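Reviewing the structure listed below.
The structure displayed is predicted, hence computed values, not measured ones. First the proteins, then the strands, lettered A, B, ... as listed; each starts at 1.
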Amino acid sequence: MRANALKAGEGIFIASAAMHDIRSIRENPAAFDAGLARRGLAPDAQSLIELDAGLRSVATEMQAGQARRNEASKAIGQAMAKKDMATADALKAEVAALKEGLPALEARERELSAALTDRLLAIPNLPADDVPEGEDEAGNVEVARWGEPRVFDFAPRDHADFGPALGLDFEGAAAMSGARFAALRGGMARLHRALGQYMLDTQTGANGYEEVNPPILVRDEALFGTGQLPKFADDLFRTTDGRWLIPTAEVSLTNLVRESILTEAQLPIRFTALTPCFRSEAGSAGRDTRGFIRQHQFEKVELVAITTPDRSEEEHRHMLASAEGILEALGLPYRRMLLCSGDMGFSARKTFDLEVWLPSQNCYREISSVSNCGDFQARRMNARYRPEGEKGTRFLHTLNGSGLAVGRTLVAVLENGQREDGSVVVPEVLRGYMGGLEVLEPR
RNA sequence: GGAGAGGUGGCAGAGUGGUCGAAUGCGCCGCACUCGAAAUGCGGUUUACGGCAACGUAACGUGGGUUCGAAUCCCACCCUCUCCGCCA
């Protein structure tokens, strides 16, 4: 039992309710419901539209009342300026009567507006048209494969078995922190560091991402913006002062543009960061309990792109290539999966997962997830840009992906590079980061 | 942690209960003048929501409250700055 669930009224509810655009739902309810259906969700448009209609009728009535009140108040001011107290007092009495029902209308309007916002905040992004139909991961489509899984002349072992001899210390970490923690020691720590540095250097180099060292403790608003809240509070760690540990640097990097209006010339913006990530893993009891695959704390090099709608597909491809390049440089076989409508994360409209080959499990395991969120997060964050030669503003598109998860990459390097004697070959591109070390030997 | 100051339009900056969505300056856009430019003059220049429109409503950090009426008064929170303390 976790205590993270936001109590009613506790959360920060974004004032200018953007998220899903109620106007477009109103104009095309069938398309909205069809999108929900692809997500495996029940139709909701009808009920949202009724709520919205109720809200607008109350709002109209409220505004009419306010208009009358404002008009009379002005007249009172004018009368008082002329020292005509009799008229002023008469008007005051009149407005007082007028005002009878107004507070109730205002309260009702607030209530309905908050209710609509709450409903809209809890609805996931709708899948893009080219996302395949499917209920769960069985519906994902393999779209590419790179590299040949190595043929072993001995039975490849699980990293959890041969890792400890190389400095992967589960017991020491468990003694102080509990399950799902590990301490890396000696060459293992350095290999992990080398991986992170190599990834960061590559993303900031040829791939054009700006390095950021962001906060990893954030407030409610940030998590509402990227979509972890309000629905997934139980997956997160919360501090005693009400902040949250980020589950991914996507939160920190994307929120860098919250509530801002960018010029088209500033785009695209590409951010990368190497940060610790924290996840409660509340819903994954029993899964991946052995080894370094699923930890409460892990490091990840995150990629985030902020762009215009017409360029977000292109940016998605670039991000995918940026993540895949790391796997290829490390010589790790992987496959690219296009996630089906039922398996995508809350904020995504289209996601590719990269899965790396793990010989001990004889299968591919997720090591990166690269998503185009369209304008979904931008609406929640109120992040806009000014199109050149146009008057108003439009919502940005945001994308995020791992480039890559450092801990899982370490696992892949260990397992794919293991030798029968329990040593591990250090990939060539990392050797410069390891003082030229070519092989990690058992201690 | 203690003490103090402050958050107003793209920017600077006035406004401390009444025709204030907000003076003035800068910037920006248009027009005039000019061969052209500068200078000058005139006009314009926030956003969101509802409405076919006329128009209405809301917004002066955020959220509440007082009042016939709030940028202005009260409460809470957020943020910035200055000084002191502590600290990697």
Side-chain angles (χ1 to χ4, degrees), chain A residues 6 8-27 48-49 51-118 120 213 215-225 239-244 255-256 258-266 375 378-395:
Chain A
L6 296 174
E10 183 193 358
I12 303 296
F13 296 105
I14 294 132
S16 59
M19 61 265 11
H20 278 290
D21 184 4
I22 186 66
R23 271 180 303 184
S24 77
I25 296 173
R26 214 188 293 150
E27 280 158 22
L48 288 167
I49 289 170
L51 182 53
D52 177 56
L55 168 61
R56 281 186 299 149
S57 103
V58 169
T60 302
E61 201 183 333
M62 174 191 79
Q63 288 177 7
Q66 288 170 330
R68 287 198 304 270
R69 183 201 63 197
N70 290 349
E71 199 182 355
S73 291
K74 263 185 190 173
I76 292 170
Q78 284 164 11
M80 287 179 67
K82 287 187 223 143
K83 304 269 194 269
D84 183 355
M85 291 320 212
T87 307
D89 287 341
L91 281 165
K92 274 189 199 178
E94 199 182 320
V95 180
L98 255 176
K99 222 190 132 201
E100 279 298 287
L102 201 47
L105 279 172
E106 287 172 337
R108 182 80 185 126
E109 194 270 347
R110 267 202 296 273
E111 210 175 284
L112 287 172
S113 175
L116 182 61
T117 300
D118 284 0
L120 291 172
N213 191 317
I216 60 179
L217 233 37
V218 300
R219 277 208 292 253
D220 296 351
E221 298 95 298
L223 289 154
F224 274 100
T239 61
T240 54
D241 71 348
R243 285 174 234 270
W244 308 82
N255 275 283
L256 240 26
R258 70 175 295 114
E259 283 159 44
S260 57
I261 300 174
L262 305 174
T263 63
E264 205 167 342
Q266 292 172 272
D375 65 6
R379 286 179 177 279
R380 295 166 78 99
M381 295 188 307
N382 199 20
R384 295 164 292 167
Y385 75 103
R386 248 177 243 293
E388 244 156 79
E390 268 185 47
K391 214 169 167 284
T393 57
R394 283 197 220 165
F395 289 111

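B/rG50 atom C1' lies 14 Å from atom CD1 of A/Ile22, rounded to whole Å. Note: CZ (A/Phe224) to C1' (B/rC78) measures 16 Å, nearest angstrom. Rounded to an integer number of Å, the gap from CD of A/Gln66 to P of B/rA59 is 8 Å. Put simply, CG on A/Leu102 is 13 Å from C1' on B/rG69, counting in whole angstrom units. Distance, A/Glu106 CD to B/rA58 C1': 11 Å, rounded to whole Å. In this structure, A/Arg243 atom CZ and B/rC79 atom P are separated by 7 Å, rounded to whole Å. The interatomic distance linking A/Leu105 (CG) with B/rA58 (P) rounds to 13 Å, in whole Å. A straight line from CD of A/Glu259 to C1' of B/rA59 spans 14 Å, rounded to a whole angstrom.
Remark: B/rU19 base-pairs with no nucleotide; criterion is Watson-Crick or G-U wobble with both hydrogen-bond distances under 3.5 Å. When both pairing distances are held under 3.5 Å, B/rG4 makes a Watson-Crick or G-U pair with B/rC81. Base pairing of B/rG56 is made with B/rC49, judged by Watson-Crick or G-U wobble geometry with both donor-acceptor distances under 3.5 Å. Summarising the base pairing, B/rC31 is matched to B/rG41 through a Watson-Crick or G-U wobble pair whose two defining distances lie under 3.5 Å. Using N1 to N3 plus N6-O4 or O6-N4 for Watson-Crick, or N1-O2 and O6-N3 for G-U wobble, each under 3.5 Å, B/rA12 pairs with B/rU24. Under the Watson-Crick or G-U wobble criterion, with both distances below 3.5 Å, B/rA88 is left unpaired in every strand shown. Using Watson-Crick or G-U wobble geometry with both donor-acceptor distances under 3.5 Å, B/rG63 finds its partner in B/rC75.
Taking atom C1' on both nucleotides, B/rG15 is separated from B/rA3 by 29 Å, rounded to a whole Å. For B/rG9 and B/rG63, the P atoms lie 15 Å apart once the distance is rounded to whole Å. Across B/rA48 and B/rG85, the matching C1' atoms stand 46 Å from one another, rounded to whole Å. For the P atoms, the distance linking B/rG18 with B/rC74 amounts to 16 Å, nearest Å. Taking atom C1' on both nucleotides, B/rG30 is separated from B/rG69 by 38 Å, rounded to a whole Å. For the C1' atoms, the distance linking B/rU24 with B/rU45 amounts to 16 Å, nearest Å. If you take atom C1' in B/rC28 and the same atom in B/rA76, they sit 40 Å apart, rounded to whole Å. Taking atom C1' on both nucleotides, B/rG13 is separated from B/rG7 by 13 Å, rounded to a whole Å.
A/Arg68 has no side-chain polar atom (N or O) that falls below the 4.0 Å cut-off from OP1 or OP2 of B/rG56. For the pair A/Asn70 and B/rG69, the criterion of a side-chain N or O lying under 4.0 Å from OP1 or OP2 is not met. Remark: A/Arg69 is not in phosphate contact with B/rG56, judged by side-chain N or O atoms under 4.0 Å from OP1 or OP2. Using a 4.0 Å cut-off, no side-chain N or O of A/Asn382 falls inside it from OP1 or OP2 of B/rU47. Between B/rG63 and A/Arg110, no contact under 4.0 Å exists linking OP1 or OP2 to a side-chain N or O.
Looking at heavy atoms from C-beta onward, A/Met80 lies in side-chain contact with A/Met85 at the 4.5 angstrom threshold. Here the side chains of A/Arg258 and A/Asn382 are not in contact, with every heavy-atom distance at 4.5 Å or above. Looking only at side-chain heavy atoms (C-beta outward), A/Val218 and A/Asn255 stay at 4.5 Å or farther from each other.
With B/rU19, B/rG50, B/rC68 as the choices, the nucleotide that has an atom nearest any side-chain atom of A/Gln78 turns out to be B/rU19. Of all nucleotides listed (B/rG50, B/rA58, B/rG18), B/rG18 comes nearest to the side chain of A/Ile76. Taking only side-chain atoms of A/Arg23, from C-beta outward, the nucleotide of B/rC49, B/rA58, B/rG56 with the closest atom is B/rC49.
Remark: A/Glu71 CD is loosely packed, at most 12 non-hydrogen atoms of other residues, nucleotides or ligands lying under 6.0 Å away.
In this structure, the side chain of A/Asp375 does not engage the main chain of A/Phe395 through any donor-acceptor pair within 3.5 Å.
At a threshold of 4.0 Å, the pair A/Arg108-A/Glu111 counts as salt-bridged, since one of the basic side-chain nitrogens sits closer than that to a carboxylate oxygen.
The distance from atom CZ of A/Arg380 to atom NE2 of A/His20, rounded to the nearest 0.5 Å, is 7.5 Å. The CG atom of A/Leu105 sits 11.0 Å away from the CD atom of A/Gln63 when rounded to the nearest 0.5 Å.
Nucleotides of RNA chain B nearest to A/Arg384 and A/Lys92 differ in position, and the one nearer the 5' end is that of A/Arg384. Place A/Lys74 and A/Arg26 on RNA chain B by their nearest nucleotides, and A/Lys74 ends up nearer the 5' end.
Nucleic acid contact for A/Ala67: sugar-phosphate only, since backbone atoms but no base atoms lie under 4.0 Å from a heavy atom of the residue.
Donor-acceptor pairing under 3.5 Å, judged by distance alone, is present between the side chain of A/Gln63 and the base of B/rG56.
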